[in-house]
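Below you will find the structure I want to go over with you.
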Amino acid sequence: MATEPIVEARAIEKSYPQPDGTRIQVVGLTDFFIEPGKIIALLGASGCGKSTLLRILSGLAQPSSGALFWHGKPLGGESPNVAIVFQSFALFPWLTVLENVEAPLEARGVAVVERRKRALRMLDTVGLDGFETAYPKELSGGMKQRVGFARALVVEPEVLFMDEPFSALDVLTAENLRGELLELWLNKKMPTSAIFIVTHNIEEAVMLADRIVVLGRNPARIRADFNVRILHPRDRKSGRFVELVDYIYKIMTEPDVEHALPDPESTGEIVVPPGGLKKGQPPVRTSKYQILPHARVGGIAGLVELLHDRGGREDLFRLSEELVMDVEDLLPILEACQLLGFAWLKEGDVQLSRQGVRFADSDIQTRKVLFREAALEHVTILRQIDSILKRKSDHSINDEFFHDILDEHFSEEEVQRQFDTATNWGRYAEIFDYDRERGRLVLTEAPLTETAPSETAATAQAAENHDSISTPKA
């Protein structure tokens, strides 16, 4: 069943009169809607009419023709429940941080105690706890924009409009704020149903948005409108990400050419179907979600050591005979070694890679480092867990979050096996700790090099000994 739009524009158009009696059309005849549960990014070249369209959709400006609807009802003189974050921060320099955040509540007539409580809560949410009495001149650009976020969110808008909110910031600050915004949204810490963000940054749009709209110019018209069906967290280097960036770039730089949205099958990556994934519904995908072979760290280390002792290469069937193991039982361990880049199988022979040789020659501590690097490079779910834990303010998350991700791709039994394997690998590599009683994954605090040698050795040795490959008794 289709979701009712929060905001809907029907046949809107915006033009401005000129002294000679003519009119310049800025926004051409356009239909547009903002649906709940999505971040929508509006892209276009500078001066194409993006901000004008934002002002119309937010109720700040009236279209020259057409109509605007709020939850299906014509928007008259009343103000819709929206808030706007501007590029220029737009803070009152004579007010403190707390007073700036309270300002829209005061304008709405909210009582002093209530608005103070809501403002303090929102400042804590955006990470400005302790700066309540500071003035804007004392803040960095990133902190000023956080105040802007807090001021917009404190009114609990149904739609949060953002007009190039990161463009006035340096690259690193902007990237940090994008991550914080996405964390608040994904963890449902924002009192808003939809976000509409105007940007000229293509990568920013693909990184954040669930839906992207690309405008042409002279006058503004919609040239592309599509859903970005890539799971979060998104990797800028992934094939689908690069493909969408290239597609948008072509649309914006070749206004007279019609470009088709690239088929996701070209990259073989998972995409999320329109409307999102539902319980029991298989995801729309072009290849299976990366499945981890059911092998523990001890088995992986044991196979690498065995191959190293035999010169780095051995026939698979001879190896299985000597270990008194069926090839089917040995394959998951071999697949794990291949996935991590420690070995490969060619014409029936198992051969160590250069990284596999390094792993076999290393002490326990260095092995953990090498395993961590390999896991974060090659294992999707471990990379997702690491990224999310680093972005979370408390660096922890409920294990059900990842169970839900896996549940869309595997049976209930396989979900648990996948999670157990990922947990075994992640804990050994010190990517995270797992509190099974509380059901929470926690980012490992101490770097690998800071762990006490005796404790590290004992922990690593126990992990490697568990379910390790054993040679037949004499």
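Atoms considered below: every heavy atom in the structure, side chains included; atoms not considered: hydrogens, waters and symmetry mates. Keep in mind that this is a model prediction, so the values were computed, not measured. Residues: numbered from 1 along the sequence shown.
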From CG (L43) to CD1 (I212), nearest 0.5 Å: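 Rounded to the nearest 0.5 Å, the CG-CD1 separation comes out at 6.0 Å.
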Check ion pair E377-R383 (N to O, under 4.0 angstrom):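 Between R383 and E377 there is no salt bridge, as every charged N stays at least 4.0 Å from the carboxylate O atoms.
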Aromatic contact, F32 with F196 (centres under 6.0 Å):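 Judged by ring-centre distance (under 6.0 Å), F32 and F196 do meet the cut-off.
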Residue pairs involving residues 102-113 (criterion salt bridge (Lys or Arg N to Asp or Glu O under 4.0 Å); sequence neighbours excluded):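 Every pair satisfying salt bridge (Lys or Arg N to Asp or Glu O under 4.0 Å) with a residue in residues 102-113: E102-R116.
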Straight-line distance of L389 CG to L443 CG, nearest 0.5 Å: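 Here the interatomic distance stands at 5.5 Å.
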F149: ring pair (Phe, Tyr, Trp, His ring centres under 6.0 Å) partners, not counting sequence neighbours: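 Here no residue qualifies.
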Beyond-backbone contact of L105 with E114, side-chain heavy atoms, under 4.5 angstrom: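 Side-chain contact under 4.5 Å: no.
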Electrostatic pair K237-D235, nearest N-O below 4.0 angstrom: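 No, this pair does not count.
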Aromatic ring proximity F33/F69, centre distance under 6.0 Å: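 When the ring centroids of F33 and F69 are compared, they turn out to be at least 6.0 Å apart.
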Over-ring placement of R178 relative to F166, 6.0 Å and 45° cut-offs: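 Relative to the ring axis of F166, which defines the angle, R178 lies inside both limits.
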Atom pair OG (S58) and CG (D163), whose distance is rounded to the nearest 0.5 Å: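 Reported value, rounded in 0.5 Å steps: 9.0 Å.
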Validation row: W425, V297 side chains within 4.5 angstrom (heavy atoms):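 The answer is yes, as the side chains (C-beta and beyond) meet within the 4.5 Å cut-off.
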Any pair counted as salt bridge (Lys or Arg N to Asp or Glu O under 4.0 Å), so long as it reaches residues 417-429, sequence neighbours left out: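 Salt bridge (Lys or Arg N to Asp or Glu O under 4.0 Å) check on residues 417-429 returns E414-R417.
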Neighbour count >12 (heavy atoms, 6.0 Å) for atom OH, Y249: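 Counting neighbours around OH of Y249, 12 or fewer heavy atoms of other residues, nucleotides or ligands fall under 6.0 Å, so no.
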Qualifying ring-ring contact (aromatic ring centres under 6.0 Å, His included) pairs with a residue from residues 35-59, counting only residues at least two apart or across chains: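 Checked against ring-ring contact (aromatic ring centres under 6.0 Å, His included) - neighbours excluded - no pair reaches residues 35-59.
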Sequence-distant partners of E13, salt bridge (Lys or Arg N to Asp or Glu O under 4.0 Å), two or more places apart: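 E13 satisfies salt bridge (Lys or Arg N to Asp or Glu O under 4.0 Å) with no residue once adjacent residues are dropped.
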Donor on one side chain, acceptor on other, D394 and S396, under 3.5 Å: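 A pair is found: one side chain offers a donor N or O, the other an acceptor, under 3.5 Å apart.
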Charged N-O contact under 4.0 Å between R211 and E35: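 A salt bridge is present here (some side-chain N lies under 4.0 Å from a carboxylate O).
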R354 CZ: over 12 foreign heavy atoms closer than 6.0 Å: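 No, not enclosed.
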Flag if over 12 foreign heavy atoms under 6.0 Å of NZ, K189: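 Atom NZ in K189 is crowded, with more than 12 foreign heavy atoms closer than 6.0 Å.
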Which donor-acceptor pairs under 3.5 Å do side chains of residues 122-129 form with protein atoms, sequence neighbours excluded?
{"unit_1": "T125", "atom_1": "OG1", "unit_2": "R121", "atom_2": "O", "d": "3.0"}

